[in-house]
Amino acid sequence: EPEVTQTPSHQVTQMGQEVILRCVPISNHLYFYWYRQILGQKVEFLVSFYNNEISEKSEIFDDQFSVERPDGSNFTLKIRSTKLEDSAMYFCASGGRENTEAFFGQGTRLTVV
Amino acid sequence: AQSVTQLDSQVPVFEEAPVELRCNYSSSVSVYLFWYVQYPNQGLQLLLKYLSGSTLVKGINGFEAEFNKSQTSFHLRKPSVHISDTAEYFCAVSKAAGNKLTFGGGTRVLVKP
């Protein structure tokens with residue numbers, strides 16, 4: 001069964017460092033998303049991406065964040081200068097042409113120290 | 001703006017007993033409704049969704065949910081739980097296909113033998 005894969009599963013980084021979280025969405029999917037879940041809090045929407053551009057972003061998704069689809073298969077989330085409060089589980093998701101359902105990856109746990 | 005409230009943060013239940021997880025939402029427009037499950041150390045998996053049509057929706061693993069427009073609710077039920085149903089359950093809404101998901105705070109179900 002096709003699935004969304006995320007790497008790494010866990011990343012520890014020092015405050016102020018740049019991190020790139022990687023996702024391989026389901027092939028032939030057209031819609032791509034990043035969500036995050038701070039420990040003990042709700043899953044929050046960060047950004048959606050369609051047709052090679054951001055279609056919507058939340059207030060959380062400030063200038064420190066960027067997304068890219070560098071080739072036909074990867075979808076990345078970059079945090080330029082990490083802060084302690086960026087520590088969270090980051091989920092990638094993708095949706096097909098009908099896009100009535102988002103398929104989630106296993107998540108990357110980011111720990112900023 | 002939409003919001004989702006899951007009234008119970010934790011629900012302990014004995015094996016083979018029924019369980020109901022409550023979800024209420026608010027939205028000024030029609031919504032699509034979803035329940036996701038997160039097993040320990042795994043990503044989010046779709047249990048079921050309501051897009052339109054019959055208000056009783058059947059999902060995987062014996063779960064079902066009923067959409068009640070007048071009460072703005074989408075409660076999840078299972079008549080007889082198994083130990084393997086121990087997980088966190090998230091209710092979510094979106095206002096259209098392709099739109100972001102807004103999640104509730106989650107309900108942690110602990111099935112006891």
Side-chain angles (χ1 to χ4, degrees), chain A residues 1-10 21 23-26 29-51 53-61 67 88-109, chain B residues 1-10 23-27 29-53 57-60 63 65 67 74 87-108:
Chain A
E1 188 174 325
E3 59 181 18
V4 177
T5 56
Q6 291 185 242
T7 54
S9 56
H10 190 187
L21 309 183
C23 170
V24 179
I26 295 171
H29 275 193
L30 302 174
Y31 298 84
F32 312 106
Y33 309 87
W34 283 101
Y35 290 82
R36 79 171 185 190
Q37 184 182 27
I38 294 172
L39 190 64
Q41 297 187 25
K42 292 185 179 187
V43 177
E44 303 171 288
F45 167 77
L46 291 178
V47 65
S48 57
F49 192 86
Y50 171 72
N51 203 23
E53 60 183 22
I54 290 173
S55 46
E56 186 176 2
K57 59 183 181 180
S58 72
E59 291 174 355
I60 304 166
F61 195 87
V67 289
M89 181 74 91
Y90 288 80
F91 292 106
C92 172
S94 67
R97 185 175 299 278
E98 299 287 320
N99 205 22
T100 57
E101 172 184 343
F103 292 80
F104 283 79
Q106 305 259 50
T108 293
R109 182 167 298 284
Chain B
Q2 304 140 87
S3 67
V4 179
T5 302
Q6 292 182 244
L7 294 163
D8 306 298
S9 59
Q10 290 190 65
C23 172
N24 288 90
Y25 69 93
S26 67
S27 176
V29 299
S30 296
V31 293
Y32 295 164
L33 295 149
F34 305 83
W35 276 99
Y36 282 85
V37 60
Q38 185 179 30
Y39 298 106
N41 301 314
Q42 294 191 27
L44 298 166
Q45 180 183 3
L46 183 72
L47 274 179
L48 48 79
K49 62 186 176 186
Y50 172 79
L51 305 179
S52 65
V57 180
K58 294 192 184 296
I60 62 171
F63 284 92
F67 170 55
F74 191 54
E88 188 148 22
Y89 293 80
F90 294 93
C91 182
V93 304
S94 72
K95 62 182 181 184
N99 276 125
K100 66 180 181 185
L101 291 166
T102 300
F103 284 86
T107 297
R108 194 174 298 275

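Per chain, numbering begins at 1; letters A, B, ... match sequence-line order. What you are looking at is a predicted structure, and each value in this text was computed from that prediction instead of being measured.
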Taking every non-hydrogen pair under 4.5 Å, which of A:Y33, A:Y31, A:Y35, A:F91 racks up the most with chain B?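 Looking at each of A:Y33, A:Y31, A:Y35, A:F91 in turn, A:Y35 comes out on top.
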Taking the side chain from A:Q6 and the backbone from A:C92, do they hold a donor-acceptor pair closer than 3.5 Å?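 Yes; at least one donor-acceptor contact below 3.5 Å.
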Which donor-acceptor pairs under 3.5 Å do the side chains of residues 44-52 of chain B make with protein atoms, sequence neighbours left out?
unit_1 : atom_1 : unit_2 : atom_2 : d
B:K49  : NZ     : A:T100 : OG1    : 3.2
B:K49  : NZ     : A:E101 : OE1    : 3.3

If I measure from the heavy atoms of chain B, does A:Y50 come under 4.5 Å with its side chain, its backbone, both, or neither?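 Neither part, no heavy atoms under 4.5 Å.
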Test of understanding: with ring-ring contact (aromatic ring centres under 6.0 Å, His included), list the residues that count as partners of A:F61, not counting sequence neighbours.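 Once residues adjacent in sequence are excluded, the partners of A:F61 under the ring-ring contact (aromatic ring centres under 6.0 Å, His included) criterion are A:F65.
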Would you mind telling me which of B:F34, B:F90, B:Y36 has the largest number of heavy-atom pairs within less than 4.5 Å of chain A?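 Heavy-atom pair counts peak at B:Y36.
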So for A:E44, is it side chain, backbone, both, or neither that comes closer than 4.5 Å to the heavy atoms of chain B?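 Neither; nothing under 4.5 Å.
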Got a donor-acceptor contact below 3.5 angstrom from the A:S48 side chain to the B:K100 backbone?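 Between the backbone of B:K100 and the side chain of A:S48 there is no qualifying donor-acceptor contact (under 3.5 Å).
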So which of B:G105, B:G106, B:G43 has the biggest tally of heavy-atom pairs under 4.5 Å with chain A?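 Of B:G105, B:G106, B:G43, B:G43 has the most heavy-atom pairs under 4.5 Å with chain A.
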Tell me, for B:Q38 versus chain A, whether the close heavy atoms (under 4.5 Å) come from the side chain, the backbone, both or neither.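 The side chain, not the backbone.
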Can you classify the ring geometry of A:F104 versus B:F103 as parallel (below 30°), tilted (30 to 60°) or perpendicular (above 60°)?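 Perpendicular, since the angle between the ring planes exceeds 60°.
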